[in-house]
Amino acid sequence: MISPRTGRIVGTILNSGLPDDTSSVRGIYLSRILWAFSRAAAYSSEPRLSEIADHAADQLVTDFIDVETGGVLWETDHAGKPLDGRKQCYALAFALYGLSAYYRVSKRTDIADVAASLFHQIEARFRDPVHGGYWEAFTRNWDALDDVRLSDKDQSSPKSMNTHLHVMEAYAEYYRATGSEPVRQAMATLVDLFTDRIVDDKRGHLRMFWSADWCDESLTDSFGHDIEASWLTWEAVNLVGDPEQIARARMTVLRLAESCATEGVGRSGEIYDEYDHVSGHINTTRIWWVQAEGLVGFLNAYQMTGKAEYRRRVMELWRFVNDHVIDRDGGEWRWFSSLDTTEESPYWGGPWKSCYHNVRTLIECLERIRSIPA
């Protein structure tokens, strides 16, 4: 993972399992590695976990924190030279997420300072003071961008569910690290956005893309995001701690879990990718991160309701993951399940695939299962 030639965490692990130390590095990828190894280091006494977390934190701060114009760079080359300086809110959120988890285990004051700066920049640069919510992206110099898409798969809408979800996720981690009241208030506002606007309670799905003034522009339902948002929203609202807000969110959270369970689950308990509004077609591809979030989401729904149905869904999905997603030779989770024979993973690890989803799922499930009375 760390190149002996550059001294940096490499940006791509090839399908052969070999690192490509000539590949570029994305800030999101590095932030996710930082979060995963920081949380694993807090969970285990294995020294190598802390060493990689230290390395990831230093690389993120040195190579990606933009000391010239603020924010977080999108991409560097293998040696840390900037390649793309666009300022994507999603990238700042993940940097804050990773640094917050790392601060919790390291207590480094320099990391606390960087995290505080990122929180204030997200609020100052990306928060829409007129309509509420957060903008998607700007240029390196904070000018408007014609194409604000996070990836080729996304729509170029001014606001997206995905960005708001991961800002809320980052604020939850940052609040755990600091107990900051402004962070708690910002997180409460995000929870209200999900329960009042982003989630379609009638259909039980997230509205994925939005205009600046919150007109729905969505073309798909994402089953993975539905179930991920269910437990992340429940986590955030409980950290905020407002009983009335918790009561309002409960119905929304369970509606998301229910819609995923009834509309997006296959014969073996696996979770499909998405539903296309235009074609009426369900994409049945079984992607690793969707299965990971399903495990936590269904387990969360079981903890909330005590319903045996959700316990059964956790067990079925875990069997599917064991049989068709986890690679028995390397231990990594495949991008696509072994049943998706027409799909080919672009890499073993890289810009859009790191150990974040699977590490988080395993830690969350272990902690939740241990908390359930025998």
Side-chain angles (χ1 to χ4, degrees), residues 27-44 49-50 52-54 56-57 60-61 64-65 71-72 88-123 126-127 134 162-191 193-194 225 228-241 249 253 289 292-293 296-297 300 354-368:
I28 292 171
Y29 168 74
L30 190 60
S31 297
R32 288 170 164 176
I33 288 173
L34 173 59
W35 183 91
F37 278 90
S38 297
R39 287 292 289 120
Y43 205 78
S44 167
L49 300 174
S50 295
I52 294 176
D54 291 341
L60 181 64
V61 171
F64 286 90
I65 298 300
V72 175
Q88 201 89 26
C89 187
Y90 188 98
L92 270 76
F94 265 103
L96 177 60
Y97 187 55
L99 290 168
S100 298
Y102 180 66
Y103 174 70
R104 290 174 66 192
V105 295
S106 71
K107 302 303 180 186
R108 281 173 51 179
T109 56
D110 60 327
I111 295 298
D113 291 342
V114 176
S117 176
L118 289 176
F119 170 71
H120 291 300
Q121 288 181 70
I122 292 171
E123 291 297 300
F126 289 98
R127 194 163 183 172
Y134 296 83
N162 205 16
T163 288
H164 286 79
L165 180 65
H166 292 293
V167 171
M168 182 170 67
E169 169 192 59
Y171 284 5
E173 192 71 34
Y174 188 44
Y175 182 68
R176 284 196 193 92
T178 64
S180 163
E181 180 59 20
V183 178
R184 192 189 73 84
Q185 292 176 5
M187 188 163 50
T189 300
L190 277 158
V191 170
L193 272 175
F194 271 85
H225 285 110
E228 181 182 25
S230 72
W231 78 265
L232 286 176
T233 303
W234 192 241
E235 174 188 63
V237 75
N238 279 278
L239 284 170
V240 172
V253 165
W289 73 263
E293 297 304 328
V296 185
N300 182 67
S354 71
C355 49
Y356 142 76
H357 284 287
N358 26 333
V359 167
R360 182 170 73 174
T361 288
L362 296 174
I363 291 174
E364 283 285 336
C365 287
L366 281 170
E367 291 182 345
R368 288 167 183 268

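This chain uses plain numbering: 1 for the first residue, then up along the sequence.
- Residue pairs meeting the salt bridge (charged side-chain N to carboxylate O under 4.0 Å, His left out) criterion with at least one member in residues 111-123, sequence neighbours excluded: Glu123-Arg127.
- Taking CG of Leu190 as the reference point, atom NE2 of His166 lies at 12.5 Å (rounded to 0.5 Å).
- For Tyr174, the ring pair (Phe, Tyr, Trp, His ring centres under 6.0 Å) test picks out Phe119, with sequence neighbours left out.
- A perpendicular orientation is assigned to the rings of Tyr356 and Phe94, their planes being inclined by more than 60° (bins at 30° and 60°).
- Closest approach of Ala40 to Leu49, counting heavy atoms only: O-CD1, 3.6 Å.
- Looking at residues two or more places apart in sequence or on another chain, you find no ring pair (Phe, Tyr, Trp, His ring centres under 6.0 Å) involving Tyr102.
- Residues Leu92 and Leu96 fail the side-chain proximity criterion, which asks for heavy atoms closer than 4.5 Å.
- Between the CG atom of Leu366 and the OG1 atom of Thr361 there is a distance of 10.5 Å, given to the nearest 0.5 Å.
- Minimum heavy-atom separation, Ala172 to Met187: CA-SD, 3.5 Å.
- Considering only heavy atoms from C-beta on, Val167 comes within 4.5 Å of Cys89 through its side chain.
- Under a 4.0 Å N-O distance rule, the pair Arg39/Glu367 qualifies as a salt bridge.
- In summary, the side chains of Trp231 and Glu293 do present a donor paired with an acceptor at a separation below 3.5 Å, with no hydrogens or angles considered.
- When side chains are defined from C-beta on, Val237 does not count as touching Val253, because their heavy atoms never get closer than 4.5 Å.
- Residues forming a side chain to side chain donor-acceptor pair (under 3.5 Å) with Gln88 (at least two apart in sequence, or on another chain): Arg86.
- The shortest side-chain heavy-atom distance between Ile33 and Tyr29 falls under the 4.5 Å cut-off.
- Every residue meeting the ring pair (Phe, Tyr, Trp, His ring centres under 6.0 Å) condition with His164, not counting sequence neighbours, appears here in chain and number order: Tyr134, Trp214.
- With rounding to the nearest 0.5 angstrom, the CD1 atom of Ile122 is 13.0 Å from the OH atom of Tyr90.
- Not a single donor-acceptor pair under 3.5 Å links the side chain of Asn300 to the backbone N or O of Val296.
- Taken to the nearest 0.5 Å, the CZ atom of Phe64 stands 10.0 Å off from the CD1 atom of Ile28.
- Proximity of a side-chain donor or acceptor of Arg184 to a complementary backbone N or O of Val240 within less than 3.5 Å is detected.
- In this structure, the separation between OG on Ser100 and OH on Tyr171 is 10.5 Å, given to the nearest 0.5 Å.
- For His225, the ring pair (Phe, Tyr, Trp, His ring centres under 6.0 Å) criterion is met by Trp289, not counting sequence neighbours.
- Note: Arg368 CZ to Ile363 CD1 = 12.5 Å, rounded to the nearest 0.5 Å.
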Evaluate Tyr97 against Arg32 for side-chain contact (heavy atoms from CB on, under 4.5 Å), listing each step before the verdict.
CA-CA 8 Å; Tyr97 187 55; Arg32 288 170 164 176; over 6 Å; no
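- Annotation for Val359 and Ala36: closest pair CG1-O, 3.9 Å, computed over non-hydrogen atoms.
- With Arg360 as reference, Glu228 is the one residue of Glu235, Glu228, Glu173 to meet the salt bridge (charged side-chain N to carboxylate O under 4.0 Å, His left out) rule.
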Before you tell me yes or no, could you show the steps for Tyr103 and Ser38 under side-chain contact (heavy atoms from CB on, under 4.5 Å), namely the whole-Å CA-CA distance, both residues' side-chain angles and the distance that decides it to 0.1 Å?
CA-CA 8 Å; Tyr103 174 70; Ser38 297; over 6 Å; no
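- Side-chain contact, Ser117 with Gln121: a donor N or O sits under 3.5 Å from an acceptor N or O.
- Heavy atoms only, all atoms of each residue included: Ala41 and Ser50 are closest at CB-OG, 3.6 Å.
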